[in-house]
Amino acid sequence: MASDDWVTCEESVSPSQYRGPMAARGLRAQVDSLLLQLLRDLEELEAKRAALNARVEEGWFSLSKARYAMGAKSVGPLQYASRMEPQVCVYTSEAQDGLQKVWVVRASAQTPEEVGPREAALRRRKGLSRTPEPESSPAPRDPLNWFGILVPHSLRHAQASFREGLQLAADMASLQIRIDWGRGQLRGLQGKLKQLEPESA
């Protein structure tokens, strides 16, 4: 769900509507709408939290199966590479309304912010007959190769479960930011409603 579904306190009701019973009814409608949206977001957050718990549990269970199949000493810190490279990166972006979004991308993939300025700079160089190819960074090695070439399926399943869990964690972070923002908007509307209720009574 996009953040555009939310409305700010300023956008919801114009200053001319802050008088009389009509203004109170409009504010109550906005409060009801925000409450329903918050409940939907909280329900989605709870579902993602349950899914994350399931992915992490599956990952550890598959990892224990791999240790049993390969031997406890074959799957452990002694097999870690001396120099590790991230497989994924976490990015955040902030919209005009202040809401932030968190997403996970592969480390070898470029974000639009990284691609745009580089291409513009290459076009401004003098004496270039064509735009050169951007330097491609080598793809990070699969960590499963640390444990051998033919690894059991359970180890691959553990890796997939933890990757899915990482994506779910990023989705939960974005959702939690949106919920906190919605609660702030709801408190603002409820404060304005309390100011109007004595006048409309």
Do the side chains of I179 and R183 get nearer than 4.5 Å, heavy atoms only?
yes
For a quick check under 3.5 Å, do D142 and Q159 share a side-chain donor-acceptor pair by atom type?
yes
Trace of the side chain to side chain contact (heavy atoms under 4.5 Å, CB included) decision for R178 with E44
CA-CA 12 Å; R178 197 167 70 213; E44 185 181 353; 4.0 Å; yes
Close side-chain approach of Y91 to C89, heavy-atom, < 4.5 Å:
yes
So CZ of R49 and CG of D171: to nearest 0.5 Å the spacing works out to 13.0 Å
With a 3.5 Å cut-off and no angle check, do the side chains of E57 and N53 form a donor-acceptor pair?
no
Straight-line distance of S154 OG to F61 CZ, nearest 0.5 Å:
9.5 Å
For R141, does its backbone N or O pair with a side-chain atom of Q87 as donor and acceptor, under 3.5 Å?
yes
One thing to verify: whether E58 and R55 come together as a salt bridge, which I'm taking to mean a side-chain N less than 4.0 angstrom from a carboxylate O.
yes
If every non-hydrogen atom of A170 is compared with every non-hydrogen atom of V104, which pair is closest and at what distance?
CB-CG2, 3.5 Å
A side-chain contact here means heavy atoms from C-beta on lying under 4.5 Å apart; do V105 and V88 qualify?
no
Return the CD to CG distance between Q37 and L42, rounded to the nearest 0.5 Å.
10.0 Å
Smallest separation among heavy atoms of A158 and L63, with atom names
CB-N, 3.8 Å
Sequence neighbours left out, what pairs pass ring-ring contact (aromatic ring centres under 6.0 Å, His included) with at least one residue falling in residues 155-176?
W60-F162
Same cluster or not: are Y68 and L144 linked, directly or through other Ile, Leu, Val, Met, Phe, Trp or Tyr residues, by side-chain heavy atoms under 4.5 angstrom apart?
no
Is there side-chain contact between R156 and V151, with heavy atoms separated by less than 4.5 Å?
yes
Between Q190 and R187, a side-chain donor and acceptor under 3.5 Å:
no
Separation between CD of E94 and CG of L99, rounded to the nearest 0.5 Å
8.5 Å
How long is the gap from NZ on K48 to OG on S174, to the nearest 0.5 Å?
9.5 Å
Does any N or O in the side chain of Q79 come within less than 3.5 Å of the main-chain N or O of K73, such that one atom is a donor and the other an acceptor?
yes
How long is the gap from CG on D41 to CH2 on W181, to the nearest 0.5 Å?
11.0 Å
Please examine the side chains of M70 and P152, heavy atoms only from C-beta on, and report whether any two atoms are closer than 4.5 Å.
yes
Classify the ring geometry between Y80 and F147 as parallel (under 30°), tilted (30 to 60°) or perpendicular (over 60°).
perpendicular
What's the shortest heavy-atom distance between M172 and L52, and which atoms?
SD-CD2, 3.7 Å
